[in-house]
Novice: 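Let me give you the structure first, and then I'll get to my questions.
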Amino acid sequence: MRHTTENQIREIREQTKEENLTLLYYDTIDSTNTRLKEMAEEGAADRTIVIAETQTKGRGRFDRNFYSPAQSGIYLSILLRNRSLLEASHYTIQAAIAVTRMIKKMADIETQIKWVNDVYIQGKKLCGILVETLWGLKEHSCDVIIGIGVNLNVESFPDELKDTAASLHLDQDQKPTCIACLIDEFFQVMQEDFKQVMEEYRAKSCILHKEITFLWKGKKMKGLVQDINEEGNLVVLIDGKTEILQSGEVTMHIE
Ligand code: BTN
């Protein structure tokens, strides 16, 4: 079957269990998060999902690029409107779990999660998640964009990524099924008790009980990860004192 955008949308729609989704599929776009942000400002509905075959300016955290070649990955963003701040604080963790479950179902591979938003396989990054909150005039609720990029069948990475990035080896024909599965898993995880989801997240963590390096108050520090708490924050032992990390980036400290 030809991989036209219409076919992709139709196949995704046929396979997802979710209803009331607005799905848009672009061949080429700068960034699905950026496009969805513009659409949100123009009044896009809750549960609008933008998917792209390739992104010319795929974005990661800390203003990094997200390598998004054509016919190689899932690049999608989900808009959720009028959510509580507590709900919004769970999305990165829920999205990471949804990705690990999708990969288990589609490729029968166990993956790990590197706090807070990366999915890893054998020490290399397979997926990145970029959650962006849109602050409007509302005091107790917000709109959120959950952007997910998964390397499904990237043949080769540029030099700067080849030691740190990995890809699955799924057939391009499986992409609509992977996308439908990812969408279903994400909305399923959102329905589940967050405590249980955190249990699954901890079990998949590749940094729990490990020595890590991270930026702390502008300084590069080392510490031992004791726990990932109920809010999804990292509990780290630094120089004999327990500290809570709410965001940031860690690297595993491999001796
Ligand atoms: C990261 O690695 O820091 C997060 C990467 C997130 C990439 C996804 S791909 C779909 C969506 N659109 C973007 O521009 N970024 C996210």
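Indexing begins at 1, ligand by ligand and atom by atom, following the structure's order. Fair warning: this is a prediction, and the values are worked out from it, not measured in the lab.
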Novice: Is it true that, when you exclude Lys104 itself, more than 12 heavy atoms of the residues, nucleotides or ligands shown sit nearer than 6.0 Å to its NZ?
Specialist: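 Yes, enclosed.
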Novice: Does any pair with a residue in residues 194-205 pass side-chain hydrogen bond (donor to acceptor under 3.5 Å, both in side chains), and if so which ones, sequence neighbours excluded?
Specialist: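 As it turns out, the side-chain hydrogen bond (donor to acceptor under 3.5 Å, both in side chains) pairs with a partner in residues 194-205, which skip direct neighbours, are Arg101-Glu200, Glu110-Lys204, Glu199-Arg202, Arg202-Asp227, Arg202-Glu230.
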Novice: Can you name the residues that form a side-chain contact (heavy atoms from CB on, under 4.5 Å) with Asp118, not counting sequence neighbours?
Specialist: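 Per chain and number, Asp118 pairs via side-chain contact (heavy atoms from CB on, under 4.5 Å) with Lys114, Tyr120, Lys125.
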Novice: Just checking Glu155: does its CD atom have more than 12 heavy atoms from other residues, nucleotides or ligands closer to it than 6.0 angstrom?
Specialist: no
Novice: Lys124 vs Asp163, test: salt bridge (charged side-chain N to carboxylate O under 4.0 Å, His left out). Steps then yes/no.
Specialist: CA-CA 8 Å; Lys124 291 185 173 187; Asp163 295 332; 5.4 Å; no
Novice: Which atom pairs, nitrogen or oxygen on both sides, join ligand 1 and the protein at under 3.5 angstrom?
Specialist:
unit_1, atom_1, unit_2, atom_2, d
ligand 1, 2 (O), Lys125, NZ, 2.5
ligand 1, 3 (O), Arg61, N, 2.7
ligand 1, 12 (N), Thr32, OG1, 3.0
ligand 1, 12 (N), Gln55, OE1, 2.9
ligand 1, 14 (O), Ser31, OG, 2.7
ligand 1, 14 (O), Arg59, N, 2.7
ligand 1, 15 (N), Arg59, O, 2.7

Novice: Output all residues satisfying side chain to side chain donor-acceptor pair (under 3.5 Å) with Gln226, sequence neighbours left out; order by chain, then residue number.
Specialist: Thr242
